[in-house]
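Order of the sequence lines fixes the chain letters, A, B, ..., with proteins taken first and strands second; residue numbering starts at 1 for each chain.
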Amino acid sequence: MAKFYVTTAIVYVNDRPALHYVYELVAADVLARYHRLAGDDTFFLTGTDEHSINVERAARQQGMAARVYSDQMAQIYKDVEAQFRISYDRFIRTEDPDHVAGVQKLIAAIQARGDIYKGTYSGWYCPSCEAFYQESELNNGYCRIHPAIKASWLQEDNYFFALSRYQDRLQQHIEKHPQFIQPESRRNEILGWLKAGLKDFSISRSTIAWGIPFPGDERHVVYVWGDALVNYITGVGYGSDEAAFRRWWPADLHIIGKDITRFHVLYWPAMLMSAGLPLPRRVWGHGWMLYRGERTSKSAGTAIDPNEAAVTFGPEAVRYLLLRELPFDRDGEISWDGMTDRYNADLANDLGNFVYRTLSMMQRYFDGKVPLPDGDATPLDARLRTAFEKAVRGFDRHLKDMDFSGALALIWDAVNRGNKYIEESAPWVLARQSDQRRRLQTVMYNLVEAIRLTAYLVSPFMPEAGAKIAAQVKADLKAPWATAREWGRLAPRTQTTLDSPLFPRIEKPEPSLP
RNA sequence: GCCGGAGUAGCUCAGUGGUAGAGCAACCGGCCCAUACCCGGUAUGUCGCAAGUUCAAUUCUUGCCUCCGGCACCA
């Protein structure tokens, strides 16, 4: 049995959940569900990043202790993940005791290797925020949060990680393993970056209190990357459950936003090398979700509320729409209009109607009981079968390449073939002619078989819709996929049922008069 | 400024050295099992601009324009 361990970035709890965060979660969830379907031993890790000055400040603004605030936010994020059916195996929090212990163990290991040294960090500092900022984060030198306060150039002693020592090893690893950074565009960027040479980075802060105490110097807390990235190993037992850790690590896939690629393919691997641990197999930096041409962002206030999308389309459809509308390897644009069109076209008209009209005819002609196919397959029958076999093969191939919309396109080719098959076979005509009974049996058998396969193919993307379709044709989604995927596995005499339409059409508001 | 990507039908995008394709939307027709659905058909484009190579370029080269991304401590 193959093993599959997938992670998403842990989300920063400085604000409420946004739709672009759901996007990343859904992508990882589809892969996790796909691997479970395929019978792989699967572990799916998500969670929250709760430390840092920003979180501390957000808590203070609401008059809460950071820990109380984090507890509350972690719950909000968990609720959203439940709403969108994210099937994580663990939701890790950077406040979890085993994470804290694991971080300290990793830092200690890196210290033991001699890769941490005391140095001086200097930067623009806002005394009111008690935080350092990049020049680009300031407003003409003034703090954006405290517009009256001018940031001052300050330095503090903190601990550095000797990233520069790993320059050659990182370069070799990336050159030798083309799949390590994907897509290709991200890989090229990183190779260019490497050419410029790596600098050490600071891994502790003494100006922040909300964080994990730095081993050996409790006046400091572990800063950002020494904390957040480490969740990928502490989440599967590093520092707390060595057997579990050996079983799952290295991760097969880190799914992240493209903006944090560098930290995942340079900082993180170097830290792992230093601690003598294996590197993740693959890091995928996905594109951004754009809305009206802009990157949606919590801090810029342009985020889309996931709940609004869920109310409009239903959580299941949102999962589908995000993965179908956005290319996973680069940025993509979404709009309410585009999503509404696609919902009606793909989900209501194509998929939903295909299932509903077929099962309705099953009730009418056979009382729902799957008939025995009778007679040789016609070219029309073969075309239907071929379309589904192609979708099944493409499902594997495209999901391995993280090409969600490619996989979905093939499934929809098959579903549309099904709709054409109905038109071309015209079961309602066959039903009127008593000498066509055998042909009608074959046609309806083929259609229900198509729907059975559709249930499997759709289920990683829309688990509940998949389950509803499966229930109507008595398909077992837990059955081994290796055999369930074969055309013709539908047992005659299976009792099908007719449920209500899966995806009711959504009416678009009339455009207002010019 | 440097590096990289992109500019193709109303929209989202695919594509090739030989006078352009898909899906959606639009329009016409058919069907009636079905969620005003499905099926068939139709139309639409100076393929960013200019020059060059070539018998021939949207596809190759060069220049330009526009947009986007990356250019170190931000989750």
Side-chain angles (χ1 to χ4, degrees), chain A residues 9-15 21 48-52 54-55 94 121 123 132-134 136-137 158 160-161 163 184-186 188-193 195-203 205 223-229 256-263 266-267 287-288 290 293-295 297-299 324-327 330-335 337-338 340-342 344-365 405 409 412-413 416 418-431 444 447 498 500-508:
Chain A
I10 51 174
V11 64
Y12 205 33
V13 296
N14 64 331
D15 210 339
Y21 147 81
T48 42
D49 181 11
E50 305 170 339
H51 297 135
S52 90
N54 291 321
V55 171
T94 52
Y121 176 81
F132 284 95
Y133 289 105
Q134 295 304 296
S136 58
E137 293 177 292
N158 55 34
F160 278 74
F161 173 71
L163 179 67
E184 191 74 22
S185 50
R186 300 274 88 78
N188 292 338
E189 248 165 48
I190 295 296
L191 285 170
W193 181 275
K195 256 181 232 147
L198 295 180
K199 287 187 202 161
D200 300 344
F201 64 91
S202 63
I203 197 169
R205 281 294 135 89
Y223 182 61
V224 191
W225 306 114
D227 177 355
L229 292 167
I256 55 164
K258 64 179 189 178
D259 48 326
I260 50 175
T261 307
R262 202 167 66 237
F263 309 111
L266 299 176
Y267 289 29
W288 288 334
L290 307 177
E294 306 258 346
R295 177 189 183 195
S297 133
K298 287 187 293 186
S299 31
R324 186 71 181 82
E325 290 278 272
L326 302 169
R330 37 199 162 120
D331 298 354
E333 185 89 22
I334 63 157
S335 69
D337 247 28
T340 306
D341 283 344
R342 195 177 274 287
N344 281 333
D346 293 5
L347 295 177
N349 297 351
D350 293 347
L351 175 64
N353 191 46
F354 175 55
V355 171
Y356 191 75
R357 67 197 296 211
T358 297
L359 294 175
S360 161
M361 286 190 282
M362 279 299 297
Q363 291 302 320
R364 180 175 307 215
Y365 305 140
S405 59
W412 257 258
D413 281 349
N416 287 326
N419 275 322
K420 292 189 214 314
Y421 181 81
I422 293 177
E423 209 63 33
E424 288 158 352
S425 311
W428 53 91
V429 174
L430 299 175
M444 292 311 299
L447 284 168
L498 177 66
S500 51
L502 279 171
F503 299 100
R505 282 180 65 87
I506 293 173
E507 290 311 322
K508 253 203 231 181

Per atom distances to the A:Leu502 side chain, the nearest of B:A72, B:C37, B:U35 is B:U35
Problem set entry | Spacing of the C1' atoms in B:U8 and B:U46 (rounded, Å) | 12 Å
Do the side chain of A:Thr94 and the main chain of A:Glu50 share a donor and acceptor less than 3.5 angstrom apart? yes
*asked:* Between A:Asn158 and A:Tyr223, is the side-chain hydrogen bond (donor to acceptor under 3.5 Å, both in side chains) condition met? List the steps.
replied: CA-CA 10 Å; A:Asn158 55 34; A:Tyr223 182 61; over 6 Å; no
Practice task
For A:Gly192, report the nucleic acid contact type (base, sugar-phosphate, nothing); a contact means any heavy atom under 4.0 Å.
Solution key: nothing
Residue pair A:Glu189 / A:Thr261, side-chain heavy-atom distance below 4.5 Å
no
Side-chain atoms of A:Trp428 come closest, of B:U35, B:A75, B:C33, to B:C33
Distance between P atoms of B:A9 and B:C49 (Å, rounded):
11 Å
In whole angstroms, the gap separating P of B:G4 from CG of A:Asp331 amounts to 19 Å
Looking only at B:G70, B:C33, B:A75, the nucleotide nearest the A:Arg357 side chain is B:C33
> Can you check whether A:Asn416's main-chain N or O pairs, donor with acceptor, with A:Asp350's side chain at less than 3.5 Å?
Replying inline: no
Item to complete: Classify the nucleic acid contact of A:Lys199 as base, sugar-phosphate or nothing, counting any heavy atom under 4.0 Å across all strands shown.
Response: base
| What interatomic distance, in whole Å, is found between C1' of B:A20 and the corresponding atom of B:A43? | 15 Å
For RNA chain B, the dot-bracket notation using Watson-Crick and G-U wobble pairs below 3.5 Å, [ ] for pseudoknot-type crossings and | for other-strand pairs, is (((((((..((((.......)))).(((((.......))))).....(((((.......))))))))))))....
Parallel, tilted or perpendicular: which one describes the rings of A:Tyr267 and A:Trp225, with boundaries at 30° and 60°?
perpendicular
Using the C1' atom in both, what is the distance from B:U54 to B:G45, to the nearest Å?
25 Å
So what does A:Pro427 hit on the nucleic acid, given a heavy-atom distance under 4.0 Å: a base, only sugar-phosphate, or nothing?
nothing
CD1 (A:Ile10) and CD1 (A:Ile256) are apart, to the nearest 0.5 Å, by 13.0 Å
Of A:Glu189 and A:Arg330, the one whose nearest nucleotide on RNA chain B sits closer to the 5' end is A:Arg330
Per nearest nucleotide of RNA chain B, the residue lying toward the 5' end, A:Ala196 or A:Glu424, is A:Glu424
Winner on side-chain proximity to A:Trp288, out of B:A75, B:C24, B:G70, is B:G70
**Request:** Sticking with atom P, work out how far B:U58 lies from B:G7, rounded to a whole angstrom.
**Result:** 16 Å
note: A:Asp350, atom CG; B:G23, atom C1'; distance rounded to Å ~ 10 Å
Run the salt-bridge test on A:Glu423 and A:Lys420 with the 4.0 Å N-O cut-off and return the result as yes or no.
no
Practice task
Without swapping roles, check the side chain of A:Asp200 against the backbone of A:Leu163 for a donor-acceptor pair under 3.5 Å.
Solution key: yes
In whole angstroms, the gap separating P of B:C13 from CG of A:Leu290 amounts to 10 Å
Whole-Å distance, A:Arg262 CZ to B:G69 P, equals 16 Å
A:Trp225 atom CH2 is separated from B:A75 atom C1', nearest whole Å, by 6 Å
Name the nucleic acid region contacted by A:Leu198, choosing base, sugar-phosphate or nothing; use a 4.0 angstrom heavy-atom cut-off, strictly under.
base
* Have a look at A:Phe354 and say if it touches a base, only the backbone sugar-phosphate, or nothing, with a 4.0 Å heavy-atom cut-off. => nothing
Testing B:U35, B:A72, B:A75 for proximity to the side chain of A:Trp193, the answer is B:A72
**Message:** What contact category does A:Ser185 fall into here, base, sugar-phosphate, or nothing, at under 4.0 angstrom with non-hydrogen atoms?
**Reply:** nothing
Whole-angstrom distance between B:A57 and B:C37, as gauged at atom P
45 Å
Checking B:A75, B:A72, B:C39 against the side chain of A:Asp49 (C-beta onward), the nearest is B:A75
- Task: Using a 4.0 Å heavy-atom cut-off across all strands, classify A:Ala348 as base, sugar-phosphate, or nothing.
- Result: base
Margin query: Less than 4.5 Å apart, side chain to side chain, heavy atoms only: is that true for A:Ile422 and A:Pro427?
Written below: yes
Side-chain atoms of A:Asn349 come closest, of B:C33, B:C39, B:C37, to B:C37
Does the side chain of A:Arg364 get closer than 4.0 angstrom to OP1 or OP2 of B:A34 through an N or O atom?
-> yes
message: On the nucleotide B:C3, are OP1 or OP2 found under 4.0 Å from the side-chain N or O atoms that A:Lys195 carries?
response: no
A:Arg186 atom CZ is separated from B:C71 atom P, nearest whole Å, by 10 Å
